[in-house]
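Letters A, B, ... mirror the listed sequences (proteins, then strands); counts begin at 1.
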Amino acid sequence: MIQRWSATLIPTTREAPTDAESPSHILLSRAGYIRKLGSGIYDYLPLAWRTLQKVGRIVREEMDAAGGSELCLPVLLPIELYAGTRRDVDYGDLLFKVIDRKDATCALGPTHEEPITELVKGSVTSYTQLPLNLYQLQTKFRDEARPRSGLLRCREFIMKDAYSFHMNVEGPGGLNDTYDAMYRAYTNIFTRCGLNFTAVEAESGPIGGSASHEFMVNADSGEDTILKCPVSGYAANVEKCEIGKRGHDLNAAPTGELTEVHTPNLPGIDEVGKFMKVKPDRMLKSIVFSVSGGRWLVAVVRGDHDVNEGKVKIAVRAMLGDGSVTVALADEKAAREAGFAIGYVSPRTVNSVPSTLLLIDPDAAQGGFWASGSDKKDHHVKHFNWRRDVGNVLDDEAKVRVCDVRNALAGDPSPRAEGAKLETGRGIEVGHIFKLGTKYSEAMGLAILDKDQQKRAVIMGCYGIGVSRTMAASVEQNHDADGIIWPAAIAPYHALVVLMKPEEAKQQDAAKRVAAELSELGYDVLIDDRSERPGVKFKDADLIGLPLRITIGDKALEQGGVEFKVRRDGAASKVEVVAFEALATKAQGVLGAAW
RNA sequence: CGGGGUGUAGCGCAGCUUGGUUAGCGCGUUUGACUGGGGGUCAAAAGGUCGGCGGUUCGAAUCCGCCCACCCCGACCA
């Protein structure tokens with residue numbers, strides 16, 4: 001298709017709005033793709049909409065190829081729909097709500113587990129109709145506490161959400177089949193979009209195992225940290241990432257006498273450390289959790305490490321041999337009443353507070369000098385020693401375990417390859433696939449008779465792609481100082497034909513000829529026919545980032561051709577004159593076959 | 001929700017401390033001329049509820065109060 005710049009709306013600007021900070025926000029704004037209408041609310045202008053359509057087309061093709069069926073559910077959802085799942089409460093303020101004229105509350109859909117479950121409940125009546133994979137592309141709403149980074153975190157955004165329904169997890173037609181198909185579809189989608197991405201293991205679903213993956217676009221500006229093992233290829237997000245084997249030693253000799261230090265009004269590890277002249281990596285951080293059944297748990301990590309709640313939960317369940325125990329950060333007041341000096345807790349509380357379990361991260365379960373809380377407000381201790389100060393309870397496996405309970409960091413041993421070290425990178429989450437299990441079907445009463453005439457809750461999976469976020473993530477990953485650099489597959493147009501003198505018939509004819517030829521090959525062409533100075537047009541060309549720029553000017557025309565420039569080569573790269581006859585081949589070499 | 005900050009032309013900003021003609025500047029826009037291969041030059045012009053409401057004052061963009069919007073850091077984030 002062919003479009004003229006003068007006939008569409010591409011309001012480029014020299015400067016970005018002050019509130020734009022991330023590269024995608026700045027460039028998409030400056031290049032005339034998006035405009036902000038309110039906090040976390042953006043207009044998609046023609047260029048952006050074309051890119052979104054292209055991403056959407058790839059998504060649809062791959063979803064259809066993987067057995068999905070597109071449908072479209074309402075955005076406006078009666079709040080009563082959430083009666084079974086209580087997500088109106090769990091989602092909290094994140095759920096956008098509107099009130100109608102009858103004073104009834106509706107939610108603007110943040111995702112669609114409830115309506116899709118409701119739909120299937122009323123329309124699928126036999127196991128023979130399963131499996132089913134239904135998806136939609138639509139605008140979603142979330143009342144984010146703090147929208148930021150332009151399209152990367154908005155209150156209104158475009159998402160592809162898919163839901164699958166099964167009678168079984170394993171075997172043909174089971175959840176695992178579809179999950180794997182979705183994993184492959186997502187890999188195809190992001191590959192076709194021209195993105196450099198990593199699929200990482202994410203927080204496990206209720207079914208366990210590696211039941212969830214996030215697809216992360218690798219970009220330094222990403223909000224999420226991901227960890228990778230360069231040897232085995234293992235990759236996971238911080239919440240999920242396992243750490244390889246680490247040694248520990250609870251029997252080392254003390255470094256000195258246990259000494260109490262008065263540390264008044266010091267809020268954090270860093271401040272206490274500075275005051276005591278102890279580095280955070282020689283301090284013990286003891287975090288108190290409450291465990292169902294009226295028990296307590298103290299998790300100890302090094303001062304420079306962060307406790308991982310998910311790992312704590314898994315460890316406690318293993319320790320108690322009970323998969324149903326719940327673990328939560330302790331309520332401060334209740335913990336104080338139980339005898340924990342919150343802010344000054346030490347591992348010794350395993351002895352002093354009844355029904356207390358102790359989990360020690362290997363890096364904290366070492367000899368040498370340690371500073372710790374003293375279990376007394378405004379006081380810490382120096383020369384803490386595990387064996388001397390905690391005692392033989394350390395050997396009681398029912399009460400004390402040494403195990404991984406912290407977030408992984410760069411340099412930690414890989415869990416999958418001996419001797420390899422984990423590396424970190426930043427990423428932008430653009431896709432998430434998840435094994436839901438029966439959470440929604442049970443809550444909403446979606447059950448079907450199976451072959452054996454047993455009524456069973458339907459097993460579900462859900463699979464999301466942030467479509468508008470994918471566009472922004474691509475810009476985060478593909479840009480330079482002059483502007484956007486689109487991968488050909490999602491560029492709003494493949495080529496920009498720039499006329500040096502748009503009023504000259506000779507150049508007009510050449511532009512028409514070039515555009516028609518490229519269009520016939522299946523490429524989308526934008527003709528810059530504005531009577532602007534060349535400098536302005538070149539700057540705008542770099543800014544909007546179409547993969548190929550073809551300049552029609554006297555210089556090249558005299559040589560019987562046009563100027564050919566690839567955006568990815570950078571603004572300052574040399575242009576090349578290409579004869580008319582050679583243009584098609586040359587363009588295909590750069591852009592690849594169109595669809 | 002806690003902390004910090006900002007609202008003045010389409011965009012970016014100055015003016016506010018110390019109230020006083022007609023509220024400025026750069027970019028952009030319009031018209032004309034010269035120009036013509038990386039945001040050109042000259043000339044002229046259009047464009048403002050100074051976020052809103054109220055108060056103080058002879059007089060408010062400027063001082064005071066309330067409200068609203070927006071941004072940043074943190075908390076939060078299927």
Peer 1: What contact category does A/Asp554 fall into here, base, sugar-phosphate, or nothing, at under 4.0 angstrom with non-hydrogen atoms?
Peer 2: base

Peer 1: Pick base, sugar-phosphate or nothing for A/Ala16, based on heavy-atom distances below 4.0 Å to the nucleic acid.
Peer 2: sugar-phosphate

Peer 1: State whether A/Thr13 places a side-chain N or O below 4.0 Å from either non-bridging phosphate oxygen (OP1 or OP2) of B/rG12.
Peer 2: no

Peer 1: Output yes when a side-chain donor or acceptor of A/Gln477 lies under 3.5 Å from a complementary backbone atom of A/Asn218, and no otherwise.
Peer 2: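 It does hold such a pair.
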
Peer 1: Check this for me: does any side-chain nitrogen of one of A/Asp143 and A/Arg155 sit under 4.0 Å from a carboxylate oxygen of the other?
Peer 2: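 Yes, this pair counts.
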
Peer 1: Does A/Arg14 get its side chain close enough to the base of B/rG38, under 3.5 Å, for a donor-acceptor pair?
Peer 2: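 Not at all, since no donor on one side and acceptor on the other fall under 3.5 Å apart.
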
Peer 1: Could you provide the dot-bracket string of RNA chain B, using ( ) for intrastrand pairs, [ ] for crossing pairs and | for bases paired to another strand, with Watson-Crick or G-U pairs below 3.5 Å?
Peer 2: (((((((..((((......[...)))).((((((.....)))))).....(((((..]....))))))))))))....

Peer 1: Are the side chain of A/Tyr186 and the backbone of A/Gly464 linked by a donor-acceptor contact shorter than 3.5 Å?
Peer 2: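 Yes, A/Tyr186 side chain to A/Gly464 backbone: donor-acceptor pair under 3.5 Å.
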
Peer 1: Answer with yes or no whether A/Arg533 presents, from its side chain, a donor or acceptor under 3.5 Å of a partner atom in the base of B/rG40.
Peer 2: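 Yes.
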
Peer 1: C1' atom, B/rG55 versus B/rG12: distance in rounded Å?
Peer 2: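 Approximately 33 Å lies between the C1' atom of B/rG55 and that of B/rG12.
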
Peer 1: Any side-chain N or O of A/Lys36 less than 4.0 Å from the OP1 or OP2 oxygen of B/rC71?
Peer 2: yes

Peer 1: Do A/Phe215 and A/Tyr183 have their ring centres less than 6.0 Å from each other?
Peer 2: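 Distance test on ring centres: under 6.0 Å, yes.
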
Peer 1: Does this structure show an ion pair linking A/Asp480 with A/Arg567, if we count only N-O contacts that are shorter than 4.0 Å?
Peer 2: yes

Peer 1: Hey, could you give me the CG/CD1 distance between A/Leu195 and A/Ile189, rounded to the nearest 0.5 Å?
Peer 2: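 One finds 11.0 Å between CG of A/Leu195 and CD1 of A/Ile189.
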
Peer 1: Can A/Asp554 and A/Lys506 be counted as an ion pair, charged N to O under 4.0 angstrom?
Peer 2: no

Peer 1: Report the distance from atom CG of A/Asp19 to atom P of B/rG12, rounded to the nearest whole Å.
Peer 2: 7 Å

Peer 1: Mark yes or no for a side-chain to base donor-acceptor pair under 3.5 Å between A/Arg549 and B/rG38, with no hydrogen or angle criteria applied.
Peer 2: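 Yes, a donor-acceptor pair under 3.5 Å.
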
Peer 1: Across the strands shown, which category fits A/Glu223 at heavy-atom distances under 4.0 angstrom: base, sugar-phosphate, nothing?
Peer 2: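 Counting heavy atoms under 4.0 Å across all strands, no contact is made by A/Glu223.
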
Peer 1: Using the C1' atom on both, measure B/rG28 against B/rA45 and round to a whole Å.
Peer 2: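 Looking at atom C1' only, B/rG28 and B/rA45 are 14 Å apart.
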
